[in-house]
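Worksheet: the structure to be examined is printed underneath.
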Amino acid sequence: MADITYDVSSRRWILQMEASTYCLRRSLDDTSLQHIYWGPRIAGATASEMARAPGPFLVPFESPTGISREEYAPWGEIRFSEPSLKVEYADGTRGIEWLFEDHGVERSGAEQTLWLRFRDRLYPLIVTLYYRIHDGHDVIERWVRLENTGGGGPVTIEQAFSADWRPPRRECYRLTYLHGRWGKETQVAEVVLGPGKVVLESRRGTTSHQFNPWVALDPEASATEESGEVWSAALAWSGSWKFVVETTPYGEVHCAGGVNDFDFRYRLDEGTRLDLPAFVGLYSNKGFGGVSRGWHAYEREHVFPEAPDAVRPVLYNSWEATAFAVNEHDQIVLAEKAAWLGVEVFVIDDGWFGARNDDYAGLGDWTVNPEKFPHGLNPLIARVNALGMRFGLWVEPEMVNPDSHLYRAHPDWVYHFRHRSRTEGRNQLVLNLARDDVREWMVATLDSLLSEHNIEFVKWDMNRSFSEPGWPDEANRNPERIWLEHVRNLYWILDELRRRHPQVAFESCAGGGGRVDLGILSRVEQVWPSDNTDALDRLRIQEGFSYAYAPRVMMCWVTDCPNFVTKRTVPLRYRFHVAMAGSLGIGGDLSRWTPQELEEARGFIATYKRVRPVIQNGLLYRLRSPRAGSVAASQYVARDGSEVVVFAWGHSQQFGVTQGSLLLRGLEEEAHYADAMCGATYSGAYLAQKGLPVNLVGDFDSHMAHLVRTMPAHHHGE
Ligand code: DGJ
């Protein structure tokens, strides 16, 4: 049971979670908030004992507070490690001197929220720190509210992080993080930290392919996939962000993060307030696998808009098949084949609107192209529905091609600086979504699209990073606020569309995985992890993705070979087995698939539908990493333990040996499991100790096992 309590004598708050404890305290003079403990569960008395321990001694050139373990450091006085908050007051004073003012705990159902209010001792700034925990999880959501109470003019915020996370003092830490680029997202990287800072960030206006806002820290690189302590954190924000992971001269490691302070300034006017996005922390002593399962469970129960056990439908998307050359006839041909395969949502990608025949024109003109769809989209949608599928449509609302009616009518609607180039990326410019008129236009345009058509799925794309992020009309009126307002308005539009059209599911895409984070994931049902659909490359992309995000939201398509990114050709079966590891989609040109391929695909889709609750919502065990050796494998266990799905993917056979076995995890030793595909039966102990036999031959062979528990352990001997 989650529980938050305050102990007056030691001045500490304790947050008790499922298997972990977090503790913090007010300093004796109430001028700072001290981090005390974050780790495996401890008793309240132990936490109080820790809270009473003396703080750091005075060191030349430092202050005791400056080298203490602050929960959230306002910049001011003698502080030189990365702060969390920096402001300038209206009279030019830069520097915060805050005092603790009040606190409280709000309890609602299975969650509890601690708030701690600080006030600048002279200027009109209130800073409230929030900590929310949930029953059954080891997750802490932290965020901050800044308020200008008035009477002293505006407060200019120069840096405003959401939290500063502090794993306990150890010899050293390894940092694990996710990096990449277009076509190579969520690659796992690690570095053992030395003195100094590692900065992970996006300055691109979106979450970015370059780094994903997720990290993990384990002491002395001691954690393995299934053992050891790991402290992890992820940010719920889809704009420019920054994590500063610092090792101080005193050996303290901390990770301060939130919206990026680069080119950032936010004027907080009198009587206004600003809520910063949640920076979420999670502790596990079960290694990286435990951390991932912790994130997945939290996301399913507290982040994703759908119910924890909802399953995503099998989707077809025509992008790789037809690119911009969409038309009613060809799409119907594809839809008929897709329906026969068992597809449940049929999605038309780019190219259906305006003068969109390539990527040079049309973005911004969200009206159906009359040459491609002379009768509009509705006859096609009706056909798709008659085939038993939902209809989905691609949009990229935040963008405009200069060659469009929208841009010709509103050249001021894009981010730009006076007397500077308007640099195009993919021949497009970014609409200034901080503007009210752009926001209103966008919500109205999408609203009519959704009102006039039976659209039940929207793929929301975003295909370039910001440049020249200016707003000349607002010069001297804090145009830098676009970094925040763009994302806030994007969230507002998504929330509003979801409210008006509750039947529509959304997918977040930004040229692949450029906008995947806990913020967008609370507003969309799924994300597109990468434009790279090569099955071998996907194994690594999907592995990194799974460190932070649940398989249910990870869209994986089976596409044609040779793959358009890598030119690699692999068997259809291998492509299916890789794509079945998340939410399955098909992206190939079905009109060119042979009858045998269609038959095979139909079989895989039927199998997938049987096992998808286990894959999408089960417990994931990464048995073998695609980064090590020539065989990668993953295992999924249903939450009630009744079913198990295993995939093994071998990419290259060497030196002749093909026989192998995979030691399975998370099974009941005394239960029995029958392989639904080959009929063999094993005990849990056998599968854990001797392993599931897997025989991969040649290159790009793969194996799937579906094990059904036939005799649960508690029936043993009855
Ligand atoms: C980038 C996306 O990631 C692709 O899937 C596709 O939708 C294209 N944009 C369309 O322009």
Side-chain angles (χ1 to χ4, degrees), residues 180-186 204-210 212 238 315-327 331 334 345-366 369 372 391-401 403-404 424-431 446 449 455 457-465 505-517 520 524-535 537-538 541-542 545 553-560 563-566 579 582-589:
R181 55 172 162 78
W182 178 86
K184 192 187 176 191
E185 295 88 335
T186 49
R204 296 169 180 268
T206 50
T207 323
S208 96
H209 307 72
Q210 197 176 344
N212 189 272
S238 312
L315 174 152
Y316 178 82
N317 180 300
S318 60
W319 172 246
E320 283 198 32
T322 56
F324 299 98
V326 289
N327 63 57
Q331 293 296 312
L334 290 170
V345 187
F346 182 84
V347 184
I348 297 197
D349 209 280
D350 203 344
W352 60 268
F353 54 91
R356 188 74 169 166
N357 297 315
D358 49 38
D359 58 17
Y360 285 89
L363 280 180
D365 300 338
W366 300 106
N369 181 304
K372 297 177 182 177
F391 179 79
L393 199 61
W394 176 97
V395 290
E396 192 178 0
E398 296 149 274
M399 296 292 161
V400 66
N401 286 120
D403 186 0
S404 66
E424 293 172 23
R426 205 195 189 200
N427 316 304
Q428 61 199 51
L429 298 166
V430 187
L431 288 173
L446 293 168
L449 202 56
I455 294 170
F457 178 89
V458 168
K459 174 175 171 183
W460 185 303
D461 203 350
M462 161 97 172
N463 281 300
R464 62 158 295 177
S465 306
F506 288 82
E507 176 175 275
S508 170
C509 169
R515 190 150 60 192
V516 179
D517 57 81
I520 204 77
V524 299
E525 280 73 5
Q526 60 191 52
V527 295
W528 181 228
S530 181
D531 278 347
N532 185 345
T533 52
D534 173 83
D537 286 2
R538 267 292 178 133
I541 293 167
Q542 294 177 188
F545 188 101
V553 298
M554 179 174 79
M555 271 315 293
C556 312
W557 300 349
V558 174
T559 57
D560 292 337
N563 182 271
F564 87 103
V565 178
T566 62
S583 257
L584 178 64
I586 311 292
D589 186 353

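For ligands, and for the atoms within them, numbers begin at 1 and follow the listed sequence. For the numbers below, each heavy atom of this structure counts, side chains included, while hydrogens, waters and symmetry mates do not.
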Inset, instruction - Kindly indicate whether the side chain of Tyr360, heavy atoms from C-beta on, has any atom under 4.5 Å from the side chain of Asp403. - result: no
Legend entry - Sole residue of Glu396, Glu398, Arg464 in side-chain hydrogen bond (donor to acceptor under 3.5 Å, both in side chains) with Gln428: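 Result: among Glu396, Glu398, Arg464, Glu396 is the only option passing the side-chain hydrogen bond (donor to acceptor under 3.5 Å, both in side chains) with Gln428.
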Legend entry - Contact residues of ligand 1 (heavy atom under 4.0 Å), by chain and number: Trp319, Asp349, Asp350, Trp394, Arg426, Lys459, Asp461, Asn463, Cys509, Gly511, Gly512, Trp528, Asp531
Inset, instruction - Could you list the residues that satisfy ring pair (Phe, Tyr, Trp, His ring centres under 6.0 Å) with Trp528, not counting sequence neighbours? - result: Trp557
Legend entry - Residues which pass ring pair (Phe, Tyr, Trp, His ring centres under 6.0 Å) with Phe457, listed by chain and number, not counting sequence neighbours: none
Legend entry - Qualifying residues under side chain to side chain contact (heavy atoms under 4.5 Å, CB included), relative to Phe324, sequence neighbours excluded: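 So Phe324 forms a side chain to side chain contact (heavy atoms under 4.5 Å, CB included) with Trp319, Asp350, Arg356, Asp359, Arg426.
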Inset, instruction - Give, for atom NE2 of His209 and atom OG of Ser530, the distance between the pair rounded to the nearest 0.5 Å. - result: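 Result: 7.0 Å between the selected atoms.
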